[in-house]
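A quick write-up on the structure given underneath.
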Amino acid sequence: MRTKKLLSAATTFRLHKNKIPPIIKESLQSVKKSSVQSSPPLIPKGPSVLATSLINSYFEKGLIKEARMLFDEMPERDVVTWTAMIAGYTSLNYHTQAWVMFVEMVRNEVNPNAFTLSSALKACKGMKCLMHGALVHGLAKKKGLEGSMYVDNSLMDAYATCCVSMDNACMVFEDMKVKNAVSWTTLIAGYTHRGDGHGGLRVFRQMLFEEVEMNPYSFSIAVRACASTGLVVFGKLIHAAATKHGVGSNLPVMNSILDMYCRFGCLSEANHYFHEMTEKDLITWNTLIAGYERLDSSESLNIFSKMESEGFSPNCFTFTSVMAACANLAVLSCGQQVHAGIISRGLDGNLALANALIDMYAKCGNISDSQKIFSGMSDRDLVTWTSMMIGYGAHGYGKEAVELFDEMVKLGVRPDKIVFMAVLSACSHAGLMDEGLRYFESMMSDYNINPNQEIYGCVVDLLGRAGRVKEAYELIESMPFKPGESIWGALLSACKAHKLPNLGKLAAGRLLDLRPNMMGTYVMLSNIYAAEGKWGEFAKLRKIMRGMGSKKEAGRSWIEVRNQVRSFVVGDKMGSHTQYVYKILDLLIKHMKEAGYVHDIDCLIHDIEDGT
DNA sequence: CTAGGGTTAG
């Protein structure tokens, strides 16, 4: 009783930074005295219990230094104290310190128990270090702690996250004589977190089959697994099963179900269940905002403002999605307003958020602000570099993108596939052929990265621009997968530019197989026929094009003017301001002609579309 | 003093 009272007093009133509560100090000293004076100790259960509880309180409040100081001052420490330190460090993601503590403990010949080993395994998982995990596994065997549910479960978890395959985790799972819901959930999560949703679903099905008692955790991870497979029918089944098992109103479960419908693209279902939810938290809103961002960005912004009006305060997850929505819509002043909100909440140091800001400013045409954000960042990850390079590339700043890439490599950051894609596309857009081809070589020989469809597309474009069209075609032939639209499109442009009618016809044919209604392809193909003087073929194509012209939905553009978004299409005569627009256009065209611009034949595409 | 679930970035 007294311990409890003291403890609460200590934790409530005396948790000051850099100061060990006097009451603890006294009791620690009383141990030393009591052993000499043999008077009854101040605290019945022993001071280490109190100190250990205090260590936990420190960690709960994130006061690592204080916890450590108290630990260091303790005259004697038992397993529980050591374990509290290890668990405390891991709970704050200080996995290395946790591991050091564990090693230190073993060196001090303190005998670890099941609690210790499961905490140590959590540190191994956090460090993604298989070796350490295996070491603990060996120790567990030696100490006869294999068979403890906690040890086995965390061992499974460590193996699932540290190993390249699920084999080790499965082995532990199968060897377990007794399994509980946590064991099953951990296995499902292991598959799901490595992107194998099907594997996760398989285990979940087995779990249902063996009639293991279900809890909300098993359902939310199963829903997550299902979301990544795209199996809508299964998703609805699991949703129904969750309702049947009485977890259909559990908030995390509903949040993941909401996320699942969003990922399936079932926004009306997502919206329906969102409104049916009686309890919502910030994650609920964030899930919906993120879901809409991918498919309907402007609605995403509406949901965001509704969220704020209902009294929820956005966090960095919210802002990241909202920023992406602004980027998709290219609404600069809206993005700037949200940026102000980010700064006022002190979230501008968040890495993911800064990355999203770089992207937003770049997509809104404000590359200098992207640059400002980039140079003001104290730490950067691969996404940071990539976003900046993509921004440069989109603005035609190939040289800047290349320089940024080199700077990144010089700083010791290892580029991945997407960084290469960014720099290669920047090179191809800016016509930096030699640089681009050099990076392509380096990617394969120095970094062992296998190019994907998009990278091949960039390289075909680079080779094509350089006039090495035959090589580009050979590259396409050597690809380990079926070439897609962008590849044939790049080849076709190269053929047109370098006058290779036969290869051009082949490319156009493949392109039309993949997408029959592409007007641009017909235009290019007909131009090839025209250049060859094959007017019969030319006329035939033009006839086809006239027939399909009306079916094609016009490409829509939009700009933000004085906080309002105005959109328009080719030949737009709507709206009160179009007369000014056309006046400016005429002026621009006049200037261009004066500067020596020659009308390109590709503009014929407009003739077809308006039927003029 | 111990394990398991949800949202985010190119």
Side-chain angles (χ1 to χ4, degrees), chain A residues 48-49 51-53 55-56 59 78-88 90-91 112-122 125 145 148-158 160 180-190 192-193 215-225 227 247 250-260 262-263 281-291 293 315-324 327 350-360 362-363 381-391 393 416-419 421-422 425:
Chain A
S48 78
V49 173
T52 304
S53 299
I55 283 174
N56 286 322
F59 276 119
D78 58 7
V79 214
V80 182
T81 319
W82 282 97
T83 307
M85 287 300 290
I86 297 166
T90 57
S91 72
N113 62 18
F115 288 97
T116 322
L117 295 194
S118 72
S119 302
L121 283 165
K122 197 181 167 194
K125 170 191 153 99
L145 291 169
S148 148
M149 189 78 85
Y150 283 108
V151 173
D152 287 351
N153 285 343
S154 43
L155 191 58
M156 251 174 59
D157 198 19
N180 63 7
V182 178
S183 324
W184 286 91
T185 310
T186 307
L187 196 64
I188 300 171
T192 309
H193 289 151
N215 62 25
Y217 293 98
S218 358
F219 274 101
S220 52
I221 191 65
V223 169
R224 183 76 190 87
V247 296
N250 175 282
L251 190 52
V253 171
M254 267 324 289
N255 284 342
S256 42
I257 286 173
L258 211 58
D259 179 54
M260 180 181 73
C262 287
R263 282 175 201 271
D281 63 2
L282 189 53
I283 294 173
T284 317
W285 287 93
N286 287 349
T287 305
L288 202 69
I289 291 169
E293 179 268 311
N315 65 6
C316 45
F317 288 102
T318 328
F319 280 126
T320 308
S321 299
V322 170
M323 224 61 247
N350 181 278
L351 183 58
L353 207 38
N355 292 343
L357 280 166
I358 291 177
D359 189 48
M360 186 277 290
K363 291 218 170 94
D381 63 3
L382 259 187
V383 181
T384 319
W385 295 96
T386 318
S387 307
M388 198 60 232
M389 276 178 229
I390 287 177
D416 70 352
K417 206 173 274 192
I418 304 172
V419 180
M421 214 198 64
S425 112

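All chains are named by letter (A, B, ...) in the order of the sequence lines, taking the proteins before the strands, and each is independently numbered beginning at 1.
Comparing B/dT7, B/dG5, B/dG10 by their nearest atom to the side chain of A/Asn250 picks out B/dG5. The side chain of A/Leu382 sits closest to B/dG10 out of B/dG10, B/dT7, B/dT8.
A/Met389 has its CE atom 15 Å from the P atom of B/dG10, to the nearest Å. One can place CD1 of A/Ile289 at 12 Å from C1' of B/dT8, the figure rounded to the nearest angstrom. Atom CG of A/Asn286 and atom P of B/dT8 are 9 Å apart (whole Å). Atom CG of A/Leu251 is separated from atom P of B/dT7 by 13 Å (rounded to the nearest Å). Rounded to an integer number of Å, the gap from A/Ile390 CD1 to B/dA9 C1' is 11 Å. A/Ile257 has its CD1 atom 17 Å from the P atom of B/dG5, to the nearest Å. Rounded to whole Å, the distance from CG on A/Asn350 to C1' on B/dT7 is 13 Å. In this structure, A/Asn355 atom CG and B/dG10 atom P are separated by 9 Å, rounded to whole Å.
At the heavy-atom level, A/Val419 lies under 4.0 Å from base atoms of the strands shown. A/Asp78 comes within contact range of no nucleotide atom at all, as no heavy-atom separation falls under 4.0 Å.
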A/Thr81 vs A/Thr52, side-chain hydrogen bond (donor to acceptor under 3.5 Å, both in side chains): CA-CA, chis, key distance, verdict: CA-CA 5 Å; A/Thr81 319; A/Thr52 304; 3.2 Å; yes
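The side chain to side chain contact (heavy atoms under 4.5 Å, CB included) test applied to A/Asp259 returns A/Arg224, A/Arg263, A/Thr287, A/Arg294, not counting sequence neighbours. Applying the side chain to side chain contact (heavy atoms under 4.5 Å, CB included) rule to A/Asn180 yields the partners A/Met149, A/Asn153, A/Val182, A/Ser183; only residues at least two apart in sequence or on another chain are considered. The ring pair (Phe, Tyr, Trp, His ring centres under 6.0 Å) check on A/Phe59 picks up A/Tyr89, with sequence neighbours excluded. For the side chain to side chain contact (heavy atoms under 4.5 Å, CB included) test, residues two or more places apart in sequence or in another chain that qualify with A/Thr83 are A/Val79, A/Asn113, A/Phe115, A/Thr116, A/Ser119. Every residue meeting the side chain to side chain contact (heavy atoms under 4.5 Å, CB included) condition with A/Pro252, not counting sequence neighbours, appears here in chain and number order: A/Asn250.
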Report all interatomic pairs (protein N or O, nucleotide N or O of nucleotides 1-4 of chain B) with separations under 3.5 Å.
unit_1 : atom_1 : unit_2   : atom_2 : d
B/dG4  : N2     : A/Asn215 : ND2    : 2.3

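Checking side-chain atoms of A/Asn215 against main-chain N and O of A/Ser218 turns up a donor-acceptor pair under 3.5 Å.
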